[in-house]
There are 2 protein chains.
Amino acid sequence: MNTSAEQFGGRASLTRRISDDIRRRILAKEWSPGAKIHSESELSATYKVSRVTVRTALKTLEYQGLVDIRHGSGTYVNDFGRSIPTGLNELRSMSETISELGYDPGMEYKMADIRPATKIEIEKLQLDAPDPVLYLERAVLADGKAVAFSYDTINISSLPEDVVEQMKKGSVFASLDTINSRPIRSLAEVDAVIDKQIGWGEERPTNDLFLLLQQIHYAGDGEPMMYSKTYFMEGRFQFLILRTR
Amino acid sequence: MNTSAEQFGGRASLTRRISDDIRRRILAKEWSPGAKIHSESELSATYKVSRVTVRTALKTLEYQGLVDIRHGSGTYVNDFGRSIPTGLNELRSMSETISELGYDPGMEYKMADIRPATKIEIEKLQLDAPDPVLYLERAVLADGKAVAFSYDTINISSLPEDVVEQMKKGSVFASLDTINSRPIRSLAEVDAVIDKQIGWGEERPTNDLFLLLQQIHYAGDGEPMMYSKTYFMEGRFQFLILRTR
DNA sequence: TTAAGACTAGTTGTAGGACAACTATTGACT
DNA sequence: AGTCAATAGTTGTCCTACAACTAGTCTTAA
């Protein structure tokens, strides 16, 4: 029961830890879809936490679409198969998403450069001047095959130098984890584009058709950390969104 | 404090009603972005409900991305401008979304037909046989201008005849509201497509490029109610997704 | 003067117990 | 066989209390 505790050095809230653990148990098929999970009282007893904490945790899972809480009856596992956990609503890195889908994630670095921010980047990252930023061009791989091309700009003004160096080679999110400052929120815009300039290599689509996910990642204090444009090759990736009332 | 109470005849939970009201107040700019809203104790006093109820309501808004709850400090209105309330995370009808964006919504009916379900529709709506379904082809209008083309299939097996008749002319969601059975959840898939067959009229894009939102709407009991494919003309609509941890 | 540290009021997080509201099942009765 | 009442179980809301945390104010020492 420490998925997030490991990532945050035990600083995650109790509710968060319980929620993560129940989520893990659901994804591990401890209860089959449609089944009723243990009552709030039972869970609070086994986890040795108050019912308030369990309730809050379950509410989170309900927002995420994993369970359905029915007044007077119980809490039931939703029957959306493997779809939801790989949806776009929860903020995860590309690598994490790909590995949750059951593939072997990878990144092919084409460019990793520190240079002054462009006008657009200044605007998106809410900078005051053309400060130096880290610019990356990469292909996103699943089982060694390219599924998307990613163009990322990272605000490095408040990052230690060694972390920045690490980003030039390894996963951005993993590097940010080491100093415990992963973004907590992102606002993404989705577009369909035809662009001859995007991508490279043999696997690039011949019809120049991409699904563009353009997003700004925000830190806990609300500051923009990263502006990224990811061009997905149509058909190699399934974009799912859960919409709730 | 009765946005949802009106829709559901007062059957919505207390938490839901409080949450809706605070949401309304935030969108009405009662507090400016970044500002701290009243404390949980204050809110529970003014609404005359327990702090637990207020907390649950605020948690909902936090998940929707409207506020940021900080331990030991307070609850702050997020600074995402008008973007979030028009996002895709919350399930709303096209008309509602368009009108929240500040445009005048409309629908142009091209076809409204009751016919047996096709193979794909049987699968998507989880039917056992080619039962009769309501099939609609419509253009979605904003300020009289087409922004998308919608192809919808509705499972009418458990719907009264007059409601079905109503759907042939007016808004589907509004018709469902009259018998209090609007879908509570939808699973949407997003794709970029090039298709010469889609759409009609002068405003149709010449490059055949669309953003396809393919979704299945589910009722409260988990039954699929409606399978719809909406083809958005690129550039006339902004798709936003809020992603959180 | 300045900077570090102790103190404090205010706020969110968690606890425990109680009862209300609702659901699904059982059993009695017609 | 069908209807209704009773009942046990579950989630929704309430109350009170305290722990954990934050952002200031104030004190103190360099």
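Sequence lines set the chain letters: A, B, ... in the order given, protein chains first and strands last, and positions in each chain run from 1.
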**OP:** Return the value, rounded to whole Å, for the distance between atom CZ of B:Arg70 and atom P of D:dG24.
**Re:** 11 Å
Original post:
Should B:Ser73 be listed as having a side-chain N or O under 4.0 Å from OP1 or OP2 of C:dG10?
Top reply: no
Subject >> Among D:dG12, D:dC14, C:dT12, the one nearest A:Ile69 by side-chain distance >> reply: D:dG12
**OP:** Kindly check if the number of other-residue, nucleotide or ligand heavy atoms within 6.0 Å of OH (B:Tyr135) is above 12?
**Re:** yes
**OP:** Select from B:Gly74 and A:Gly72 the residue whose nearest nucleotide in DNA chain C is closer to the 5' end of that strand.
**Re:** B:Gly74
Subject >> Protein-nucleotide distance (B:Glu40, atom CD; D:dC21, atom P), rounded to Å >> reply: 16 Å
Original post:
Between B:Phe173 and B:His217, is the gap from one ring center to the other below 6.0 Å?
Top reply: yes
**OP:** Figure out the CD/C1' separation between A:Glu42 and D:dG9, and round it to whole Å.
**Re:** 10 Å
**OP:** Ignoring the backbone of B:Lys36, work out which of D:dT10, C:dT14, C:dT11 is nearest its side chain.
**Re:** C:dT11
**OP:** Round to the nearest Å and state the distance from A:Leu14 atom CG to D:dC21 atom C1'.
**Re:** 15 Å
Original post:
OP1, OP2 of D:dT11 versus side-chain N and O of A:Thr75: anything below 4.0 Å?
Top reply: yes
Original post:
Salt bridge check: are A:Asp20 and A:Arg23 linked by an N-O gap of less than 4.0 Å?
Top reply: no
Original post:
Which of the following nucleotides, D:dC21, D:dC14, C:dA15, is nearest to the side chain of B:His71?
Top reply: D:dC21
Original post:
If you count the non-hydrogen atoms of other residues, nucleotides and ligands that lie under 6.0 Å from NZ in B:Lys229, is the total more than 12?
Top reply: no
Subject >> Whole angstrom value for the distance that separates P of D:dT22 from OH of B:Tyr76 >> reply: 11 Å
Original post:
Under 4.0 Å between a side-chain N/O of B:Arg55 and OP1 or OP2 of C:dG13, yes or no?
Top reply: yes
**OP:** Check whether the side chain of A:Arg51 and the base of D:dG12 form a donor-acceptor pair under 3.5 Å.
**Re:** yes
Original post:
Nearest to the side chain of A:Val52 - D:dT13, C:dA15, C:dC22?
Top reply: C:dA15
Original post:
Which of these nucleotides, D:dC14, C:dT11, D:dT10, is closest to any side-chain atom of A:Ser39?
Top reply: D:dT10
Original post:
Is there a donor in the side chain of A:Tyr63 and an acceptor in the side chain of B:Thr60, or the other way round, less than 3.5 Å apart?
Top reply: yes
Subject >> Spacing between A:Arg17 atom CZ and D:dA20 atom P, to the nearest angstrom >> reply: 12 Å
**OP:** Check whether any side-chain nitrogen or oxygen of B:Ser50 sits under 4.0 Å from OP1 or OP2 of D:dT13, and answer yes or no.
**Re:** no
**OP:** Look at B:Thr15 and D:dT13 and indicate whether a side-chain polar atom (N or O) is within less than 4.0 Å of OP1 or OP2.
**Re:** yes
Original post:
Could you give the CG-to-P distance, from B:Asp68 to D:dT22, as a whole number of Å?
Top reply: 13 Å
Subject >> Value in whole Å for how far the P atom of C:dA15 lies from CD1 of A:Ile18 >> reply: 8 Å
